Structures are given as structure tokens and as C-alpha cells.
Amino acid sequence: MTAPLIAFRQVSKVYGRGEATIHALDKIDLTIAQGEFVSIMGPSGSGKSTAMNIIGGLDIPSSGEYIFQGIPTSGFSREQLTLLRRHMLGFVFQGFNLLARTSAVENVELPLVYRGIDHTERRRRAMAALQQVGLAGREGHTTQELSGGQQQRVAIARAIVTDPAVLLADEPTGNLDTKTSIEIMDLITRLNRENGITVIMVTHEEDIAGYARRLLRFVDGHLVSDETHASEAAHVV
């Protein structure tokens, strides 16, 4: 039987000490298979962002085990966690996190620079990624010359240019209007369905969460529900 792509085994995360102790996660058991599209919801302080940070190798459990592709990560060094992020994960944030006064194609090339890919190959891959997200012809535009939706498309291109196993999206439509949000979610859904990228997305919006086929709800550090349903994104083209 194939091991899940991601597994939490009794994962807890504790911050602070004494009366200031905060149990951000409390003995979470969770598995996510390759190719799934999972939304994570919960009120502020529920643990959803902590769970996402652990999956992304940005934080480590206080106890329990985070397992990626069948490999326990508890013994990973900081350098190994960096390699996990660099080679297996792509990140999309609410605030885009693009370099100002830098062209779209240069922003997308950045993860490949860290990998030591030569300029010609970097440019080829970045151009292909921008075409994939619908920005062919905008490669030379700086972030200041792009709309919010176009900037998020650049951020998605940057996240997928390394062919990651997992796309981690933290409130990817939080700064976008309704029409643009639908366009971005259609794009993320296509990447999941057509490219097989596993998508894990944190959102506060029920309609955005409805694009996923699985919804995890966190409350006070506990995983309180795990629902699987048909995606509502029937308008995806």
C-alpha cells in the first residue's frame, strides 16, 4: 500500500511556558494523498496556520511526527528542511511576495537561481510557467505594471516553476476582488486536475474552500472535522 504524501502522527505544537503556554496544535492525526486538493479553515488561533507552517517546513512539531513521502522529518536539520522546501514545495501567499521593480520572468526565475540552474534553462522554464498561468506577453512587465490578479499569477508561476509535489496556498485570494478570485481559483484547480499537483490551501472564505474536494476544520488546536465532497468549481474551463 502506497504511503500518503503527507502524514501527521499525534503532532502537537506548543508555544511559551507556564501561564503563557499556547497549545497551537494538540495531537493531530492527518494524512493527505498525492493529487488531493485540500482546504483548511478555522477561526484565528485555531491552529490552521501552524499546521500549514509545519507542512511547509517553516516550523517543527513540539511532539509527534511529520512524515513526508514516507520519511519522518523529525531528524531533519535546518539545511534538510530548506532542501525540502526548495525541491518539493511551492508557496503562494496572500501578499504575493514579489520583488518590486523586477520583471515577471525574473521573479519566476528566482527559485531556479537557488537551485543553480543556468540562465538559459531558467529563462526557458520561467517563460513556460508564465504561459501556463496565462501571462504570455507580460514577461517583461514589472510587478508595478501588473494588476493584483496578474501579480498573483506571477506568484503561482514562481511556485510551480520547480515542478513541486505540493502547492501551499495561504489565503491566495485574500487581496483580490470576486471576479479575480474566481480566475485565480480556476487556475489553481486546473493545476491540481491537469498537472496532478497536490494543493493545500488555507482560507477564511467558504466559497473559496468549496473549490477543494476535501475540507479540514481546526478549532482551538484540534482537527474537528474532515469532510470530502464534490468540488463546486463547475465553472472551471
Side-chain angles (χ1 to χ4, degrees), residues 37-40 49 52 56 58 85-86 88-115 117 119-212 231-237:
F37 187 166
V38 179
S39 288
I40 301 177
S49 295
M52 180 73 103
L58 300 170
R85 294 192 298 270
R86 185 176 298 169
M88 303 303 297
L89 309 174
F91 295 86
V92 178
F93 302 97
Q94 177 178 344
F96 315 141
N97 290 8
L98 301 175
L99 297 177
R101 298 184 298 278
T102 302
S103 69
V105 70
E106 289 170 330
N107 268 284
V108 176
E109 285 179 337
L110 192 58
L112 302 177
V113 173
Y114 295 138
R115 284 195 179 188
I117 306 297
H119 179 268
T120 301
E121 181 63 11
R122 287 201 313 266
R123 185 56 52 95
R124 183 191 70 79
R125 293 190 193 182
M127 295 287 279
L130 285 167
Q131 182 173 16
Q132 192 171 3
V133 302
L135 285 181
R138 298 274 183 168
E139 299 91 344
H141 288 63
T142 67
T143 55
Q144 297 165 320
E145 297 170 327
L146 300 173
S147 68
Q150 289 170 334
Q151 289 184 53
Q152 192 61 297
R153 287 175 182 268
V154 173
I156 293 170
R158 181 184 59 192
I160 66 172
V161 74
T162 58
D163 295 321
V166 183
L167 180 66
L168 298 171
D170 189 359
E171 301 283 2
T173 62
N175 286 339
L176 305 175
D177 60 41
T178 300
K179 179 179 180 294
T180 306
S181 295
I182 291 171
E183 293 172 354
I184 291 301
M185 290 312 303
D186 284 349
L187 171 58
I188 290 174
T189 303
R190 284 199 299 271
L191 291 170
N192 170 250
R193 291 181 177 177
E194 298 175 9
N195 293 29
I197 296 176
T198 303
V199 177
I200 304 173
M201 175 180 67
V202 166
T203 181
H204 282 96
E205 303 172 78
E206 292 281 352
D207 57 335
I208 297 300
Y211 280 80
S231 172
E232 297 175 2
H235 52 279
V236 174
V237 294

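These numbers come from a predicted model, not from an experiment. Count residues from 1 along the sequence.
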Trainee: When you measure from the side chain of Arg122 to the backbone N and O of Ile117, does any donor-acceptor pair fall under 3.5 Å?
Mentor: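 Yes; judged by distance alone, with no hydrogens or angles, the pair exists.
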Trainee: Tell me whether Gln131 at atom CD has more than 12 heavy atoms from other residues, nucleotides or ligands lying less than 6.0 Å away.
Mentor: no
Trainee: May I ask you to test the Phe91-Leu58 pair for a side-chain heavy-atom distance under 4.5 Å?
Mentor: yes
Trainee: Ignoring hydrogens and geometry, is there a side-chain-to-backbone donor-acceptor pair from Thr102 to Ala100 under 3.5 Å?
Mentor: yes
Trainee: Would you please test Gln151 and Asn175 for side-chain contact (heavy atoms from CB on, under 4.5 Å) and show each step?
Mentor: CA-CA 11 Å; Gln151 289 184 53; Asn175 286 339; over 6 Å; no
Trainee: In the structure I gave you, are the side-chain heavy atoms of Phe96 and Val154 within less than 4.5 Å of one another anywhere?
Mentor: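 Phe96 does not reach Val154 side chain to side chain.
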Trainee: Got a second to check how far Asp186's CG is from Arg190's CZ, nearest 0.5 Å?
Mentor: 6.0 Å
Trainee: Assess the residue pair Val105 and Arg123 against the criterion (side-chain contact (heavy atoms from CB on, under 4.5 Å)); give the C-alpha distance rounded to whole Å, side-chain angles, the decisive distance to 0.1 Å, and a yes or no.
Mentor: CA-CA 7 Å; Val105 70; Arg123 185 56 52 95; 3.5 Å; yes
Trainee: If you define the side chain from C-beta out and look only at heavy atoms, does anything of Glu139 sit under 4.5 Å from Ser103?
Mentor: no
Trainee: A side-chain contact here means heavy atoms from C-beta on lying under 4.5 Å apart; do Arg138 and Leu130 qualify?
Mentor: no
Trainee: Less than 4.5 Å apart, side chain to side chain, heavy atoms only: is that true for Leu135 and His141?
Mentor: no
Trainee: May I ask you to decide if Pro172's main-chain N or O and Gln152's side chain share a donor-acceptor pair within less than 3.5 Å?
Mentor: yes
Trainee: Distance from Ile200 atom CD1 to Asn192 atom CG, nearest 0.5 Å?
Mentor: 11.0 Å
Trainee: With a 4.5 Å heavy-atom cut-off, do Met185 and Glu205 have their side chains touching?
Mentor: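 SC-SC contact between Met185 and Glu205 ruled out.
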Trainee: Would you say Arg158 and Asn97 make side-chain contact, with heavy atoms under 4.5 Å?
Mentor: yes
Trainee: Given Leu167, which partner from the list Val92, Asn195, Thr198 fulfils the side-chain contact (heavy atoms from CB on, under 4.5 Å) test?
Mentor: Val92
Trainee: Any side-chain to backbone donor/acceptor pair from Ser39 onto Ala209? Under 3.5 Å, distance only.
Mentor: yes
Trainee: May I ask you to test the Thr143-Leu99 pair for a side-chain heavy-atom distance under 4.5 Å?
Mentor: no
Trainee: Ignoring hydrogens and geometry, is there a side-chain-to-backbone donor-acceptor pair from Arg125 to Thr162 under 3.5 Å?
Mentor: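 Answer holds: no.
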Trainee: Examine distances only and state if a side-chain atom of Glu171 and a backbone atom of His204 form a donor-acceptor pair shorter than 3.5 Å.
Mentor: yes
